[in-house]
Amino acid sequence: LSILEGTIDSRVQGSGANNERIAGQGNAGSITFNIADSVTLNKAYINANIGSNVIGNSGFIEIKSGSLLMMGGSQLNSNTSGGNFEQPSQAGEVRLNIRDRLNLEGLGTTVDPAQQTKITTEVDNGGIGEAGQVKIEVTNGSFSMNNGAALVTRVRRAQTDENTGEILIPAGQGNGGDVNINVQDDVIIENNSLILTTVGDEVLGTRSGNVSIESNSVYLNNNSEIITATGGSINALQTPSVAGNISMQVSDSVNLSQS
């Protein structure tokens, strides 16, 4: 299966930045691929999203295949901008179950991060809920991220006016999602690639997600990073925000070079 310059969307439309329409209500559907052989995504976007002021959960994205190559700025996104404190909105999980090889090939360091090859699950500006988990399993082969590719779970900080600092859209509220990677062979993260779980500034949340890697070896090369971070909770005196844990269980070695 090859998807070139295509978009697959499952979303419940929100009210928009200026509440120009009535938000839909309900859950976004899930997106599932079950392919025996290879899957290539090139400039392809697969989204399961909840819009602003929607009460509902985004769906999960699941790919089961022999191999998966994401390139050309392709993205898997399961995000929410909806929910409230009484009815929070859950961003869906991203699940990749690959037999032989999983490769995320980025576009380099000069590209806008929003256009980068990446996997995200997040609570966006104005959303209230929980970021979903990313679960990666490669049963026989390896997992590689190269050339600026990113894997991100987060709760976004407020969007502000660049000149005045005025808050345009408030920070998301909730917790970051976990990243679980289980690979038979090696995990190779190189050339400015990134795994990040974070809770942004002024977020009412208790923790960013944990990152767990189980593999033969881990290679982290050339300015690549694995980060769990928190910008600080808005009620830090009552409930301080905590960065998640990073754990690795490897049968051979962990190798760091210029990272």
Got a second to check how far [X]'s [atom1] is from [Y]'s [atom2], nearest 0.5 Å?
X	Y	atom1	atom2	result
Gln133	Ser78	CD	OG	12.0 Å
Met70	Met145	CE	CE	9.5 Å
Leu41	Leu1	CG	CG	7.5 Å
Ser81	Asn49	OG	CG	7.5 Å
Gln75	Lys118	CD	NZ	5.0 Å
Ser217	Asp186	OG	CG	4.5 Å

Ignoring hydrogens and angles, tell me if any N or O in the side chain of [X] forms a donor-acceptor pair with the backbone of [Y] under 3.5 Å.
X	Y	answer
Asn147	Glu105	no
Ser30	Phe60	yes
Asn182	Glu137	no
Thr80	Gly82	yes
Arg99	Ala36	yes
Thr117	Gly148	no
Asp252	Asn216	no
Ser67	Asp100	no
Gln115	Ser74	no
Thr198	Thr230	no

Which one of Glu62, Glu214, Glu93 satisfies the salt bridge (Lys or Arg N to Asp or Glu O under 4.0 Å) criterion with Lys135?
-> Glu93

Same cluster (ILVMFWY, side-chain, under 4.5 Å), [X] and [Y]:
X	Y	answer
Ile213	Val254	yes
Val134	Ile246	yes
Val152	Leu220	no
Val179	Ile227	no
Leu104	Val111	no

Taking every non-hydrogen atom, the tightest pair across [X] and [Y]:
X	Y	value
Ile55	Asn84	CD1-ND2, 3.4 Å
Val39	Ser65	CG2-CB, 3.7 Å
Ser38	Ile35	O-CG2, 4.1 Å
Ile50	Ala28	CD1-N, 3.8 Å
Leu96	Leu102	CD1-CD2, 4.0 Å
Asn57	Gln90	OD1-N, 2.8 Å

Test side-chain contact (heavy atoms from CB on, under 4.5 Å) applied to Ser144 and Arg101, step by step | CA-CA 8 Å; Ser144 65; Arg101 181 172 176 81; 3.2 Å; yes

Going through the distances and angles, do Asn47 and Thr7 end up as a side-chain contact (heavy atoms from CB on, under 4.5 Å)?
-> CA-CA 8 Å; Asn47 307 308; Thr7 300; 4.0 Å; yes

Quickly, which of Asn223, Asn146, Thr109, Asn221 forms a side-chain hydrogen bond (donor to acceptor under 3.5 Å, both in side chains) with Asn191? Name it, please.
-> Asn146

Just one of Leu194, Leu151, Val211 clears the side-chain contact (heavy atoms from CB on, under 4.5 Å) bar with Ile226, so which one?
->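 Considering Leu194, Leu151, Val211, a side-chain contact (heavy atoms from CB on, under 4.5 Å) with Ile226 is found only for Val211.
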
